[in-house]
Amino acid sequence: MQPFELTDLGAGTKEMMLNMGPQHPSTHGVIKFVLRMDGEVVAALDPDVGFLHRSIEKIAEKLSYPDFMPYTDRVDYVAAMNCNFGYARVVEKLMKMEVPKRAEYIRVIVAELNRISSHLVSVGTFGNDIGAVTPFLYAIRDRELINDLLEMLCGARLTYNFVRIGGVAFDLPDTFKEKAIAFLDTLEPKLKEFNTLLSENRIFRERLAGVCVISKEDAVAYGVTGPNLRGSGVDWDLRRDEPYSVYPEVSFEVPVGGGLVGKVGDAFDRYWVRIKEMQESAKIVRQCLEQIPEGPIMAKIPRVLKPPAGDAFDRTEAPRGELGYYLVSDGSSKPQRLKIRTGSFAAVSIIPKIAPGWMIADIVALIGSLDIIAPEIDR
Amino acid sequence: MVQSMKRYVGNVGNTTLTVLKGLRVTLINLFRTPITIQYPEVDIRQKDLKAFGYKGPLGPLPDRFRGFLHVNPEICIACDLCMKACPIDCIRIESTKIDKTTIQGKDGKAVNKVKHPVRFDIHLGKCMYCGLCVEPCPTGAISFSKEFEGATSTLNTLVVHFAEPKGLPVREATIL
């Protein structure tokens, strides 16, 4: 990576180059930002990604279709269920496979539970970045209950490897429904508490009001998706606008940023969309637990999966934006090429556009509010 | 002047009020049951955590918990399905032919056993606990245990030999 050309500002002062990361606590993983600073103000910013590259896309070419499933956990380890879900869907699309209804419901339940836990981490660490350390512990405490639920379901707490091509690995345990409903009952008051602690705090609000505004046009032009796009005021959610799985059978609202404390598309809007989305996800899980039919959880699939030659693209709404898998098959038991499109990568690409003119402390707020996660950028 | 003064005082008052509201939440938590499990003292492998004095909402390890892999070589039919299913090749099986016996399978059906494993190594250092090997096993010979404490001082001990007779030389962990 080329260092910046530093200009002389006159009167014996010069611009400064600053390395932020790769071990900076606000970057949530190993990402480096190279900043050209004019005093405290950012003149230019260049993200340097690739520290967490594990060549997951290449590994896909070396493994058979079902064997790749554990690796999708590692694409975004905070929301592994959603990544499992997306990969299973693209292979099913390629093979034109029908998935049993019950399996689809279980998939949506786990994906939405995982969305809640991912957003809890997001808002908690965002508060931590801004300087409010206590709410982080509250968020992690609530996430622990979701981890327990999913551990009861599949045995793992982080890298679940639960969704299978053609269904899911396990059926819901007997006590799952009541435990999940008990958790959702506690989530609502806990979120209210969280809001009292952080969202309604005057210092927190003033700190984020009007900071690092991403306009509607910029967000669309840079391909920003997910809560970051909705925070900018674009009413777009794949679960509603391009419905897949059993999302058409449940009713939920799509929260959109409306400039609650400052301008539309500021850091607080992106944060607030996530808080609202947790409540909507809780609604979806409740409805799914009510409507879930009996039946098989796996479709009949051949022992060796050999999809017909061709390609397929499928995108799902993951907590960090649209998660797209593009799969090319040559008719053998291994994929010829797999491309993964993640929301965090697009979110990083807009940082150099927004950053100039803001102070370095605001860059921390920008990165935190975009909720980028390093493994998803590099894959 | 008076207007801006009023607004300034109002802002300070509002800030203090919201901070105090937040502090009230933290104060309430002082009197709640702690959620943390004091892990080494409380044995989370046991079903009943209340016996250890834990009152919080978290539970013990569930039945489906994915701990270290465990193999029962007596009922293993050396079909190599687990070895083929493993994405990172951390299982190695070698077998000999034996006289035909039948074994009760996982789904209740009888399974013929014509081979017996003479070597069944699992590299626990490589294993990512995905569970893909446990699913195809016809007899349930390979399964997850509830053990998870894996700290060790030598790499060799990470390769677990399930089928070997005792007294053989310790293999290097890199060779599998």
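All values reported here derive from a predicted model rather than from experimental measurement. Order of the sequence lines sets the chain letters (A, B, ...), proteins ahead of strands, with each chain counted from 1.
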Within the structure provided, determine whether [X] and [Y] are in side-chain contact (heavy-atom separation under 4.5 Å).
X      : Y      : answer
B/R66  : A/E151 : no
B/Y129 : A/N161 : no
A/P66  : B/L132 : no
B/P87  : A/Y71  : yes

Check step by step if side-chain contact (heavy atoms from CB on, under 4.5 Å) holds for A/Y138 and B/T26. CA-CA 10 Å; A/Y138 284 67; B/T26 44; 3.3 Å; yes

For the interface with chain B, which of [options] has the highest count of heavy-atom pairs at distances below 4.5 Å?
options                       : value
A/M152, A/E193, A/E200        : A/E193
A/Y160, A/F183, A/F68         : A/Y160
A/E144, A/R205, A/K62, A/K179 : A/E144

Within a 6.0 Å radius of atom CD on B/E149, are there more than 12 heavy atoms belonging to other residues, nucleotides or ligands?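 Counting other residues, nucleotides and ligands, CD of B/E149 exceeds 12 neighbours.
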
Which atoms of [X] approach chain B - backbone, side chain, both or neither, heavy atom under 4.5 Å:
X      : answer
A/I59  : neither
A/R157 : neither
A/N201 : both

Where the side chain of B/R64 meets the backbone of A/F170, is there a donor-acceptor pair that is under 3.5 Å apart?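 Not a single qualifying donor-acceptor pair exists.
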
Please check this pair: side chain of B/T18 against backbone of A/R202, looking for a donor-acceptor N/O pair closer than 3.5 Å.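 The answer is yes, because a donor-acceptor pair under 3.5 Å joins these two groups.
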
Spatial distance of atom [atom1] ([X]) from atom [atom2] ([Y]) [nearest 0.5 Å]:
X      : Y      : atom1 : atom2 : value
A/T134 : B/L23  : OG1   : CG    : 8.5 Å
B/N29  : A/L197 : CG    : CG    : 8.5 Å
B/C130 : A/D73  : SG    : CG    : 9.0 Å

Greatest number of heavy atom pairs closer than 4.5 Å to chain A - which of B/A85, B/C86, B/G131, B/P136: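 Among B/A85, B/C86, B/G131, B/P136, the one with the most close pairs to chain A is B/A85.
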
Salt-bridge test for A/R164 and B/E135: reply yes if a basic N is under 4.0 Å from a carboxylate O, no otherwise.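 A salt bridge links A/R164 with B/E135.
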
Passes side-chain contact (heavy atoms from CB on, under 4.5 Å), A/R303 versus B/L81? Steps please. CA-CA 11 Å; A/R303 189 167 248 181; B/L81 280 179; 4.1 Å; yes

Can you tell which part of B/L20 gets under 4.5 Å to a heavy atom of chain A, answering side chain, backbone, both or neither?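 Interface part for B/L20: neither.
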
Which atoms of B/K146 come close to chain A, meaning under 4.5 Å heavy atom to heavy atom: side chain ones, backbone ones, both, or neither?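 The answer is neither part of B/K146.
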
Select all residues of residues 30-48 of chain B having any heavy atom within less than 4.5 Å of some heavy atom of chain A, and report them by number, or 'none'.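 B/R32, B/I35 fall under the 4.5 Å cut-off.
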
Would you check, one step at a time, whether the test side-chain contact (heavy atoms from CB on, under 4.5 Å) holds for B/V25 with A/F194? CA-CA 9 Å; B/V25 173; A/F194 191 86; over 6 Å; no

